2 protein chains.
Amino acid sequence: MSTTPSQRDLQKARTRRALLDAGLGLLKEQSLSSLGLREITRAVGISPAAFYRHFRDVSDLGVALVEESLGSLHEVIRSGLTEHTEDAERIDHLVGAIAAYVRAHPEHIRFVASERHGGVAAVRTAIAAELDRFAAEVARLLAEDEVSRGWSAEDLRMLGETYVDNMVMTASAFLEAAQGEGPASETVAHTARRQLRLISLGRRHWTTSGQISDA
Amino acid sequence: MSTTPSQRDLQKARTRRALLDAGLGLLKEQSLSSLGLREITRAVGISPAAFYRHFRDVSDLGVALVEESLGSLHEVIRSGLTEHTEDAERIDHLVGAIAAYVRAHPEHIRFVASERHGGVAAVRTAIAAELDRFAAEVARLLAEDEVSRGWSAEDLRMLGETYVDNMVMTASAFLEAAQGEGPASETVAHTARRQLRLISLGRRHWTTSGQISDA
DNA sequence: GCGTCCGGCACACAACTGTTTACTGAACCC
DNA sequence: GGGTTCAGTAAACAGTTGTGTGCCGGACGC
């Protein structure tokens, strides 16, 4: 039961959105640690002092952007992994979902990719935590496949991390493709599919002891 | 036949080094796009204007740092891949080499990791080019294994990229471990070894058509 | 209807930024 | 030894930055 938001709350939320959007937009061409508070407020059309009504810091705004960027991705991946069980089909679907997500939210992806190892500690930590939850979730989903019988929690976790790493790489490769900086989008998709296939194959032949079995 | 460098050339080279080192040091706590020219010269102890005797830009200095950071890595990996042929042994050696490299040049690794998707286009491009050469080299080396018989150039390339991606991820994970931000160093090594094992397994069971073979 | 809350404003502050200019003085070449 | 080259300097430039203060005015709760 949520109380109806007042006119004031609505307006406040609206400028908050504007600040987030403006920040995200400006981050196309620089990184968070060089993004100025005044720069943001100028883009929104409000006075610098008004910024403090919404965020303590620019890095505070950054942390808010992390949740926003990665929050909606969970659902996308969950459905991608549960709807299909056959490997090839699942891989195609997953890569397609990533491509679609990048097309829909390019700035968010760019933000995460560049700030994941960026200069602002608070944001870095927030992203790491989110991706961690993410890897755990993927591991949980993959644990339900028949192929995962007998896998230790540790190995499953490793598998989840491998998937997440790969997805992040793929997403940022799609992004570069979209802005003409790297190989074309289809090439990225092709490579991503085969990388996932490689991982899938390794997974099928994994032995719980971790030894590499003979062919 | 190289001419002996004059006293002046020597001194110039020395301050250039100082600029690069100072820049790298300052990048521990921020990203390149927010690194100030004056900040660097102040750290070195020269006047701001003197900076222009060595670099056009701060991003120009960044590009110089890319070569420096990634140049010496080639040799490390080449030896790591050629000295051993047996999978398990090779993987141990490779992960160990990465760990040692990170321990030896932590700032360089941090620089590459954070600027790879950072805000400065020129640097981003330089890193991408270097990693590209890198992936090609790994592919070339892996092509010589017996396991690679019948692999297409395209598949080999994909394999090389997978290796490089994994190595970059591992290196930056080691880095975070070293500064106490993520899981411990041994955990990282353990995960990295198993990820490489996973890839190795996939590689063994790869079929040229790209189909996933039955167990 | 009235007092309070509070998002946004204008203004001021000191500190900082990249870049240009004309210069000094030591190492250089012949 | 004398003229030239050139890394580094000092000073000035116009803009920029984050943050603090006091105030306004419309929406709010009662």
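Please read all numbers here as calculations on a predicted model, not as lab measurements. Naming convention: chains lettered A, B, ... in sequence-line order (proteins, then strands); numbering from 1 in each chain.
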Is the closest basic N to carboxylate O distance between A:Asp145 and A:Arg203 below 4.0 Å? yes
How would you label the contact of B:Tyr52 with the nucleic acid (heavy atoms, under 4.0 Å): base, sugar-phosphate, or nothing? base
Sequence neighbours excluded and cut-off under 3.5 Å, please list the side-chain donor-acceptor pairs for residues 41-51 of chain A, or say none.
residue, atom, partner, partner atom, Å
A:Thr41, OG1, A:Leu37, O, 3.4
A:Thr41, OG1, A:Arg38, O, 3.0

With B:His108 via ring-ring contact (aromatic ring centres under 6.0 Å, His included) - residues at least two apart: B:His105
Hey, are B:Arg133 and B:Glu130 close enough for a salt bridge, meaning a charged N less than 4.0 Å from a carboxylate O? yes
Can you check whether B:Arg42 has a side-chain N or O nearer than 4.0 Å to OP1 or OP2 of C:dT17? yes
Salt-bridge contact A:Asp132-A:Arg157 (side-chain N to carboxylate O under 4.0 Å): yes
Between A:Arg116 and A:Asp165 (salt bridge meaning N to carboxylate O under 4.0 Å), is one present in this structure? yes
Is there a donor-acceptor contact under 3.5 Å from the side chain of A:Ser172 to the main chain of A:Ala113? no
Assert: residue with more 5' nearest nucleotide on DNA chain C, out of B:Glu39 and B:Gln7, is B:Glu39
Hey, what bend do you get for the helix from C:dG1-D:dC30 to C:dT17-D:dA14 if you fit axes on five pairs at each end, rounded to 10°? 20°
Which protein N or O atoms sit under 3.5 Å from an N or O of nucleotides 9-14 of chain C?
residue, atom, partner, partner atom, Å
C:dC9, OP2, A:Ser47, N, 2.5

Under the side chain to side chain contact (heavy atoms under 4.5 Å, CB included) rule, collect the residues that match up with B:Ser185, sequence neighbours excluded. B:Phe174, B:Ala177
May I have the distance from A:Phe55 (atom CZ) to D:dT19 (atom C1'), rounded to whole angstrom? 18 Å
Taking only heavy atoms on the protein side, list every residue of residues 11-33 of chain B lying under 4.0 Å from any atom of DNA chain C, sorted numerically. none
Would B:Arg124 and B:Glu115 pass as an ion pair if we require N to O under 4.0 Å? no
Grab the CZ-P distance between B:Phe51 and D:dT9 for me, whole Å please. 14 Å
